[in-house]
J.: 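First the structure, then my questions, so here it is.
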2 protein chains.
Amino acid sequence: MTRVKESSSQNENKKALAAECMEIYAANIIGGQWTLAICCHLINGKLRFGELKKRLPWITERMLALQLKKMEKNRLIKRTVFAEVPLRVEYELTESGKGLQPVLKLLEEWGIKHLKSGNN
Amino acid sequence: MTRVKESSSQNENKKALAAECMEIYAANIIGGQWTLAICCHLINGKLRFGELKKRLPWITERMLALQLKKMEKNRLIKRTVFAEVPLRVEYELTESGKGLQPVLKLLEEWGIKHLKSGNN
DNA sequence: GGTCATACTTACAAAAGTTATAGTACCCTA
DNA sequence: TAGGGTACTATAACTTTTGTAAGTATGACC
């Protein structure tokens with residue numbers, strides 16, 4: 001009855017779950033520590049690396065760079081480099097990224113309700 | 001301009017983000033590796049520990065126990081113990097947990113669209 | 001008394017994710 | 001020649017999450 005594991009890594013489990021369940025696939029993509037925060041800021045338009053950094057005062061440059069790279073790979077954002085001096089790089093949501101807006105809205109509503117329901 | 005960090009832990013950052021942004025708060029709650037998978041199975045009704053284990057063949061007992069405990073703490077599920085022998089414990093979604101259904105649906109739809117858009 | 005089933009718990013280890021700190025490359029300006 | 005701004009990268013340390021394997025408590029059943 002119990003299926004035999006073919007691999008023991010965390011990653012394999014994650015992939016297997018995401019493969020058979022689209023909500024888990026989606027949750028994995030938006031689940032990074034800073035991913036949603038970045039989305040929230042980009043939803044009003046494109047921003048430069050330094051502007052994002054200012055808006056996320058607690059993030060380190062490394063994490064910002066890593067998250068942006070991951071989000072680009074996941075096709076949530078588009079990166080545009082302008083060959084100016086000093087260098088300018090702009091980040092903006094892709095169509096897919098913009099498509100998260102209703103998800104974010106629902107999540108927010110659920111979060112508010114959930115938080116309130118805990119104060120009884 | 002840059003706010004000063006009051007603590008250096010990962011957790012503090014997480015909390016700070018969740019406090020100022022409800023979608024991040026919500027994402028933190030549903031973001032565990034197995035949380036959504038468990039929700040998916042409980043959405044059709046209550047299940048026992050062992051039944052969940054069978055439905056999630058790759059999960060270890062430890063992870064299942066941990067996740068269920070966390071979900072109970074987060075008020076996503078309710079745990080009921082029946083003083084029988086052998087012991088019977090049932091898990092079911094709370095109202096808050098059931099409230100995730102539309103979120104899951106949207107996430108699923110977004111996931112499908114996103115996956116397709118990557119196959120170009 | 002020994003075995004079985006259920007629903008866990010514990011100790012330890014590995015992996016993934018995050019943070020801290022410093023440094024790079026580019027070219028402009030003084 | 002030195003300093004400054006932007007957008008990163010390198011390295012290592014640290015925290016959190018997940019996995020492995022074994023053990024516990026309860027009471028029925030043989």
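No hydrogens, no waters, no symmetry mates; every other heavy atom, side chains included, goes into these values. Reminder, nothing fancy here: chain letters follow the sequence lines and each chain counts from 1.
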J.: Which parts of residues 66-78 of chain B get close to DNA chain C, meaning a heavy atom less than 4.0 angstrom away?
T.: K69(B)
J.: Roughly, in whole Å, what's the span from CG in L64(A) to C1' in dT9(D)?
T.: 13 Å
J.: Hey, is NZ on K70(A) packed in by over 12 heavy atoms from elsewhere, all under 6.0 Å?
T.: yes
J.: For R48(B) and dT6(C), give me the distance from atom CZ to atom P, rounded to whole Å.
T.: 7 Å
J.: Less than 4.5 Å apart, any side-chain heavy atom of E95(B) and any of K98(B)?
T.: yes
J.: Of the candidate nucleotides dA7(C), dG5(D), dC8(C), which contains the atom at the shortest distance from the side chain of Y91(B)?
T.: dC8(C)
J.: For a quick test of reading the model: is some side-chain N or O of W58(B) closer than 4.0 Å to OP1 or OP2 of dT20(D)?
T.: no
J.: On DNA chain D, compare the nucleotides closest to R79(A) and V85(A); which residue's is nearer the 5' end?
T.: V85(A)
J.: Could you tell me how far apart N13(B) (CG) and dT16(D) (C1') are, to the nearest whole angstrom?
T.: 14 Å
J.: Send over the distance from R62(B) CZ to dT10(C) P, rounded to a whole Å.
T.: 11 Å
J.: For the pair made of CG in N11(A) and C1' in dA16(C), what is the distance, rounded to whole Å?
T.: 8 Å
J.: Can you find a pair of side-chain heavy atoms, one from L76(A) and one from L42(A), that are under 4.5 Å apart?
T.: no
J.: For W34(A) and G50(B), take the nucleotide of DNA chain C holding the closest heavy atom to each; which residue's nucleotide lies nearer the 5' end?
T.: G50(B)
J.: Among dA7(D), dT6(C), dT18(C), find the nucleotide with the atom closest to the side chain of Q10(B).
T.: dT18(C)
J.: Indicate yes or no: at least one non-hydrogen side-chain atom of T80(B) is less than 4.5 angstrom from one of E92(B).
T.: yes
J.: If I take atom CZ in residue F49(B) and atom C1' in nucleotide dT9(C), what distance separates them, rounded to the nearest angstrom?
T.: 10 Å
J.: When you get a sec, tell me which of dT19(C), dT16(D), dG17(C) is the closest nucleotide to the side chain of K14(A)?
T.: dG17(C)
J.: Would you say Y91(B) and I38(B) make side-chain contact, with heavy atoms under 4.5 Å?
T.: no
J.: Rounded to whole angstrom units, what separation is found between the CD1 atom of I59(B) and the P atom of dG19(D)?
T.: 8 Å
J.: Hey, does W34(B) have a side-chain heavy atom less than 4.5 Å from the side chain of L64(B)?
T.: no
J.: Between P on dA21(D) and CE on M63(B), what's the gap in Å once rounded to a whole number?
T.: 16 Å
J.: Could you tell me whether the side chain of C39(B) reaches within less than 4.5 Å of the side chain of L100(B), counting heavy atoms only?
T.: yes
J.: Which listed nucleotide (dT20(D), dT18(C), dA7(D)) is nearest to the side chain of L87(A)?
T.: dA7(D)
